[in-house]
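Quick notes on the structure that follows.
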Amino acid sequence: MTDLVPNPRRQVLEQTLVEVRARIAILEAALDPAHGQFTGQKVWTGPKARTFTEDLSARRTRLRQAARALLDTLEEECRSVPEKVPSSAVRH
C-alpha cells in the first residue's frame with residue numbers, strides 16, 4: 001500500500017492562488033475611484049468628456065476581464081493537480 005502525502009505542486013498553486021486573488025482585488029479596484037468620479041458626478045462635460053468616460057469604463061471592464069481570466073486559468077490548473085500523491089513521487 002502506498003502512503004499518500006500532500007502534493008507539493010498543489011500546495012504551491014494554492015498559495016499562489018491566495019496571493020493572486022489578493023492582488024487581483026487591488027487591480028480590479030484600481031480604476032474605481034476615477035470611474036466613480038467621472039460616472040457619478042459632472043466633473044467634465046461635453047463630447048470629449050463622454051468619450052473619455054466611455055474609454056475609462058471600457059478599460060476598467062477589460063482590466064477586470066483579464067484579471068478574471070488569469071485567476072480562472074490558475075484555478076483550473078490547481079484543480080487539475082491532485083491534492084495527494086504517493087510519497088515516492090515527492091522529491092526531497
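Heads up: numbering here begins at 1 and tracks the sequence. The structure displayed is predicted, hence computed values, not measured ones.
Atom CD of E19 has more than 12 neighbouring heavy atoms from other residues, nucleotides or ligands inside a 6.0 Å radius. Heavy-atom contacts from other residues, nucleotides or ligands closer than 6.0 Å to CZ of R21 number more than 12.
Side-chain contact between E77 and R9 is present, with at least one heavy-atom pair separated by less than 4.5 Å. In this structure, the side chains of E14 and V18 stay at 4.5 Å or more apart for every pair of heavy atoms.
The side-chain contact (heavy atoms from CB on, under 4.5 Å) with N7 is formed by just one residue from the set V12, V85, L13; it is V85.
Between F38 and W44, the angle of the ring planes goes over 60°, which puts this pair in the perpendicular group of the 30/60° scheme.
The two atoms that bring P6 and K84 nearest to each other are N-CD, 4.0 Å, heavy atoms only.
Separating the CD1 atom in I24 from the CZ atom in R64 is a distance of 12.0 Å, to the nearest 0.5 Å. For the atom pair L63 CG and L31 CG, the distance stands at 6.0 Å (nearest 0.5 Å). Atom OG1 of residue T51 and atom CG of residue L56 lie 12.5 Å apart, to the nearest 0.5 angstrom. One finds the OG1 atom of T73 at 10.5 Å from the CZ atom of R68 (value rounded to the nearest 0.5 Å). Once rounded to the nearest 0.5 Å, the distance linking CG of L17 with CZ of R10 reads 9.0 Å. In this structure, OG1 on T16 lies 9.5 Å from CZ on R23, to the nearest 0.5 angstrom.
The residues R50 and E54 are annotated as not salt-bridged, no charged nitrogen and carboxylate oxygen being separated by less than 4.0 angstrom.
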- Task: Check the pair D32 / R60 against side-chain contact (heavy atoms from CB on, under 4.5 Å), numbers first and verdict last.
- Result: CA-CA 8 Å; D32 287 353; R60 181 173 173 250; 2.8 Å; yes
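Placement of V81 and L4 in two distinct hydrophobic clusters is found when ILVMFWY residues are connected by side-chain heavy-atom separations under 4.5 Å, directly or transitively.
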